[in-house]
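Report on the structure given below.
Note that the structure is a prediction, hence the values are computed from the model and not measured.
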Amino acid sequence: MLDIECFSYLNRALENEMAPILVVATNRGITRIRGTNYRGPHGMPIDFLDRLLIISTQPYTEEEIRQILYIRCEEEDVEMSGDAKLLLTKIGYETSLRYAIHLITAAALACQKRKGKEVDIEDVRRVYELFMDVKRSTQFMMDYQHQFMFNEIPEVNDGSAMAE
C-alpha cells in the first residue's frame, strides 16, 4: 500500500541517527512500485530494500496448526473433542488458520445452543457449512454472479463479451 513518496520518507527516517525499527510484511512478487512506472522486488525500490534485513517465512505445517488451535481452544475456554480438533486442524490446513480460529468460537456457540458440554465434530461441521472460507466464497460468487444486482464481470456468450 506504500507508494514512492512513503518509501522516500521511510528511507530518510532510516538514515537518521535515531532510526526507528521498521517491520515490513508483504506477499507481493516483482511488481510495479506504486507512484512510478518501475518494477521492483516486492513492489519496493531497490535502495529501500538494501536497508532491510529480509526474513523468509514458510507456511505452517499441519502439526503447527494443530498446536496453535489447541492453544486457542484453551485460551477461549472451549472444551472440544479430539475428533473435532482433528477436523478443525484439517480445515485450517486446507483453508487458513484464521478461518479455523473463527470456527472455534462459532462451533462453541453451536454447542452452547444445543446445550452441549463439549464441542464435537457435528458442531464443527455445522459451522463449516454455515460460514464460508475465502475459496468457497469466491467460487460461490463466480457461480452465481449473474444473479447479483451489481455484477461487474461481463458474461461470455458465443465467444464474445456482452456490452452493458
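The shortest non-hydrogen separation linking K135 to E94 is NZ-O, 3.5 Å. T31 and H42 make their closest contact through CG2-C, 4.3 Å (heavy atoms, listed as atom of the first residue, atom of the second, distance). Nearest heavy-atom pair, T105 versus E76, reported as atom, atom and distance to 0.1 Å: OG1-OE1, 2.9 Å. Shortest non-hydrogen contact noted between A13 and P20 is O-CD, 3.5 Å. Counting all heavy atoms, side chain and backbone alike, F7 lies closest to G43 at CE1-O, 3.7 Å. In terms of heavy atoms, E79 sits closest to K117 at CB-O, 3.8 Å.
Using modelled atom types and a 3.5 Å distance limit, the side chains of Y99 and R136 yield a donor-acceptor pair.
Using a distance-only test at 3.5 Å, with no hydrogens or angles considered, no donor-acceptor pair links the side chain of N16 to the main chain of A19. The main-chain N or O of D133 is never found under 3.5 Å from a side-chain atom of S137 such that the two would form a donor-acceptor pair. Judged by distance alone, with hydrogens and angles left aside, the side-chain atoms of D123 form a donor-acceptor pair with the main-chain N or O of D120 at under 3.5 Å. Between the side chain of R125 and the backbone N or O of E129 there is no donor-acceptor pair closer than 3.5 Å.
Under the 4.5 Å side-chain heavy-atom criterion for ILVMFWY residues, a single connected hydrophobic cluster contains both Y93 and F131. V124 and L109 are not part of a single hydrophobic cluster, where members link through side-chain heavy atoms under 4.5 Å apart. Connection of L130 to L103 is established within a shared hydrophobic cluster, with ILVMFWY side chains joined at heavy-atom distances below 4.5 Å, either directly or through further cluster members. By the rule that hydrophobic residues join a cluster once side-chain heavy atoms approach within less than 4.5 Å of another member, L86 and V127 end up as members of separate clusters. Taking hydrophobic clusters as Ile, Leu, Val, Met, Phe, Trp and Tyr residues chained together by side-chain heavy-atom distances below 4.5 Å, M132 does not share a cluster with L87.
The shortest distance between side-chain heavy atoms of V134 and T138 falls below 4.5 Å. Side-chain contact between V78 and E118 is absent, with no heavy atoms from C-beta onward closer than 4.5 Å. Here the side chains of L49 and P41 are in contact, with some heavy-atom distance below 4.5 Å. Put simply, the side chain of Y38 does not reach to within 4.5 Å of the side chain of R32, judged on heavy atoms. Within the 4.5 Å cutoff, the side chain of R39 has no heavy atoms near those of the I33 side chain. M80 places a side-chain heavy atom less than 4.5 Å from the side chain of L88. Residues L22 and F48 are in side-chain contact: their nearest non-hydrogen atoms beyond the backbone lie under 4.5 Å apart.
In this structure, R72 forms no cation-pi arrangement with Y70, as its terminal cationic atom is not both closer than 6.0 Å to the ring centre and no more than 45° off the ring axis.
Here CG of L69 is found 9.5 Å from CD1 of I91. Values are rounded to the nearest 0.5 Å. In this structure, the separation between OG1 on T89 and CD on Q67 is 10.0 Å, given to the nearest 0.5 Å. Between the OG atom of S8 and the CG atom of D3 there is a distance of 8.5 Å, given to the nearest 0.5 Å. Within the model, atoms CD of E74 and CD1 of I104 stand 10.5 Å from one another, a figure rounded to the nearest 0.5 Å. With rounding to the nearest 0.5 Å, the separation of CD1 in I101 from CD1 in I68 is 7.0 Å. Here the NZ atom belonging to K113 is positioned 13.0 Å from the SG atom belonging to C111, to the nearest 0.5 angstrom.
Judged as a side chain to side chain donor-acceptor pair (under 3.5 Å), and not counting sequence neighbours, the contacts of E64 are T61.
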- Derivation and outcome, side-chain hydrogen bond (donor to acceptor under 3.5 Å, both in side chains), residues N11 and E15: CA-CA 6 Å; N11 252 340; E15 290 173 354; 5.9 Å; no
- Task: Check the pair T26, M44 against side chain to side chain contact (heavy atoms under 4.5 Å, CB included), reporting the backbone distance first and the verdict last.
- Result: CA-CA 10 Å; T26 182; M44 296 181 193; 4.1 Å; yes
- Message: Between E75 and C73, is the side chain to side chain contact (heavy atoms under 4.5 Å, CB included) condition met? List the steps.
- Response: CA-CA 6 Å; E75 289 299 315; C73 284; over 6 Å; no
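The number of heavy atoms from other shown groups lying within 6.0 Å of CD1 (I54) is above 12.
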